[in-house]
Amino acid sequence: MDDYNQTGQSEMTYSPERNRVTSLYAMMLAWQKAEPNKPCLCIDDAVYTYDVFMRDVQAEKEKLETYAQTQPVIIYRNSVYDQLTAWIAAMGAGLQPIIGHPDSDDTVRKTLEERLKEPSVCCDKADFGVLSSGSTGVPKILWRRTASWADFFPVQNEIFEVTKDTRLFLHGSMSFTGNLNALLAVWYAGGTVVTSAYLRPRSWLKVMARYAITHIYLLPTKLRLLMEAMPISKENTAALSSLRMIFAGSQMLDTKLMHHLQRTWPQVRFILYYGASELNYVTYCTAEEWLLEPNTVGRPFPGVRVTVDEDHMIYVTSPYTIEGVACPFSVGDKGWFSSSGRLMFEGRGGAVINRGGYKLSVPLLEKKIQELDGVAEAVVIGQPDALRGEEPVAFIQCEPGYTETMIKKAMTKVLSVQEMPHRIIGVEEIPLTAGSKIDKRQLLTLLET
């Protein structure tokens, strides 16, 4: 019981003749029977077949079946393999599992445990729960039915070109819903997922080449790390000649990263999508569309409707939401439609720094700084100021051969006086959470000290 809290019941059926999944546990049992010797998960040098994986799941399931069936179960484990075997086993045991962020501190864990004791917190219709990123506080608990993801797998797999032959590389904890959803979509198709236990982009390249990956799913923060580790050369590009698709979540891209990806792998298609934990996938665009209209997140996925109100608030109507959502629903993001019909993304409604009455969009300011030569990664946060209300502070990770002074000089040529950061703080690397998001709690701590 050292890494579990407990939970309720769930239906277990799988209908391969309709290609419809109502139980992820049953889906994996079906693949164990159909493709026992096919790798479903590769972690560095370790290869786990569908049969080996499900045998370990069964061992976990036997432990869980002795638990009380009345409360949700939160799984805190560091290893991706341990997270997944425990999570699938929990559903097989009739529980409603949540994969907890492994970097959560004791205060966050205790708060979540208290929330789970509230009578209304666990939705009777849900099969599992997911957590919001929690990068600035205690994450939210969001409840899902299997169908809210699985019924969309055929759609997203067609767009992302995922088949039984797919070998997808991703990185990070399965508590990040983007990772978990992408992995399950590949398993739905009977493909293989590849990852690494280490935050070492150079070792990722070796792992990718070893397993001849066909797809990459990484957020832009980690795509930048990958490209830093891979100078353009015939040797490196040849090692990943199998790669044909990169798809990424809608953190703000920059032109520098996009061109670097295209120069390195000209044969690869790139898709940027916009989504949210509460909503699933919302819109998507290709690299070519993004370069035509930077900051676009494209057009809606099939079956999804997007509207924007007079305050630029984005509202989404979708059958693939979490439980308890009434559509049209907004997560607080803002945007607008261009004349081409593509959604232009402005960022979260609260991602604005009010500097003495002058409102600065944090995502757009970060993008301008990110595109400067010498900037490997840039993050902007607001610092309270008695005179102006807030002042922008930029955390900069410089590329080799560049300094904060050089970056500051370059900023003066592309930023207005109002946009110029009050402070520029150089860091060796931008801290990330286990879910691959910017860890703003660490940056705020650094700012305070």
Side-chain angles (χ1 to χ4, degrees), residues 103 105 108 132-139 219-221 224-225 250-257 294-295 311-314 330-336 344-399 402-433 435-449:
D103 51 1
D105 58 29
V108 170
S132 62
S133 62
S135 58
T136 57
V138 179
L219 294 183
T221 49
R224 292 188 189 101
L225 292 177
S250 55
Q251 288 181 347
M252 293 298 282
L253 276 177
D254 61 271
T255 307
K256 184 170 63 176
L257 173 61
N295 301 331
D311 296 319
H312 288 201
M313 197 69 70
I314 298 170
S330 177
V331 295
D333 290 340
K334 288 192 171 187
W336 50 280
M344 309 301 290
F345 189 69
E346 294 180 2
R348 187 58 51 94
V352 173
I353 294 173
N354 191 334
R355 189 181 202 180
Y358 191 92
K359 294 183 179 180
L360 302 173
S361 167
V362 172
L364 294 180
L365 183 53
E366 287 178 339
K367 180 178 179 294
K368 286 185 178 182
I369 298 172
Q370 184 70 60
E371 292 185 338
L372 294 172
D373 290 339
V375 177
E377 190 70 71
V379 178
V380 175
I381 62 175
Q383 181 180 29
D385 181 80
L387 181 62
R388 294 182 175 84
E390 276 187 299
E391 290 280 16
V393 176
F395 293 87
I396 304 294
Q397 178 185 340
C398 295
E399 293 177 348
Y402 288 84
T403 66
E404 291 83 33
T405 301
M406 295 166 68
I407 300 302
K408 183 177 181 179
K409 184 177 180 180
M411 283 184 191
T412 62
K413 298 178 181 179
V414 297
L415 302 181
S416 66
V417 174
Q418 293 89 347
E419 291 174 321
M420 277 297 295
H422 174 62
R423 296 175 64 189
I424 299 172
I425 300 174
V427 293
E428 290 187 8
E429 61 182 22
I430 298 295
L432 302 178
T433 66
S436 305
K437 302 291 185 69
I438 303 296
D439 193 335
K440 293 189 177 179
R441 285 180 297 176
Q442 284 197 46
L443 293 179
L444 288 168
T445 300
L446 177 60
L447 184 58
E448 291 171 359
T449 56

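It should be emphasised that the depicted structure is a prediction, and the values quoted were computed from it without experimental measurement. The chain is numbered in sequence order, starting from 1.
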Heavy-atom side-chain proximity of Glu390 to Arg355 below 4.5 angstrom: no

4.5 Å side-chain heavy-atom contact, Val414 and Glu371: no

Non-neighbouring partners of Thr445 that pass side chain to side chain donor-acceptor pair (under 3.5 Å), sequence neighbours left out: none

Residues which pass side chain to side chain donor-acceptor pair (under 3.5 Å) with Ser416, listed by chain and number, not counting sequence neighbours: Gln418, Glu419

[atom1]-[atom2] distance between [X] and [Y], expressed to the nearest 0.5 angstrom:
{"X": "Arg224", "Y": "Gln370", "atom1": "CZ", "atom2": "CD", "result": "3.5 Å"}
{"X": "Lys367", "Y": "Leu257", "atom1": "NZ", "atom2": "CG", "result": "11.0 Å"}
{"X": "Leu219", "Y": "Leu432", "atom1": "CG", "atom2": "CG", "result": "9.0 Å"}
{"X": "Ile424", "Y": "Thr405", "atom1": "CD1", "atom2": "OG1", "result": "8.5 Å"}
{"X": "Gln442", "Y": "Ile430", "atom1": "CD", "atom2": "CD1", "result": "10.5 Å"}
{"X": "Ile396", "Y": "Glu404", "atom1": "CD1", "atom2": "CD", "result": "8.5 Å"}

Val331/Ile314 under side chain to side chain contact (heavy atoms under 4.5 Å, CB included): CA gap, chis, key distance, verdict: CA-CA 8 Å; Val331 295; Ile314 298 170; over 6 Å; no

Stepwise side chain to side chain contact (heavy atoms under 4.5 Å, CB included) check, Leu447 with Val393: CA-CA 9 Å; Leu447 184 58; Val393 176; 4.0 Å; yes

Distance-minimising heavy-atom pair for [X] and [Y]:
{"X": "Leu372", "Y": "Ala410", "result": "CD2-O, 4.0 Å"}
{"X": "Gln397", "Y": "Glu429", "result": "OE1-CA, 3.4 Å"}
{"X": "Pro139", "Y": "Val108", "result": "CD-CG1, 3.7 Å"}
{"X": "Leu253", "Y": "Pro220", "result": "CD2-CG, 3.9 Å"}
{"X": "Asp105", "Y": "Arg441", "result": "OD2-NH1, 4.5 Å"}
{"X": "Ala394", "Y": "Pro421", "result": "CB-CG, 3.8 Å"}

Check against side chain to side chain contact (heavy atoms under 4.5 Å, CB included), Phe395 and Ile425: CA-CA 5 Å; Phe395 293 87; Ile425 300 174; 3.8 Å; yes

Atom NZ of Lys408 with >12 non-hydrogen neighbours under 6.0 angstrom: no

Donor-acceptor side-chain pairing of His312 and Glu346 below 3.5 angstrom: yes

Matching residue for Ile369 among Asp254, Val380, Leu364 - test: side-chain contact (heavy atoms from CB on, under 4.5 Å): Val380

Check against side chain to side chain contact (heavy atoms under 4.5 Å, CB included), Ile438 and Glu366: CA-CA 13 Å; Ile438 303 296; Glu366 287 178 339; over 6 Å; no

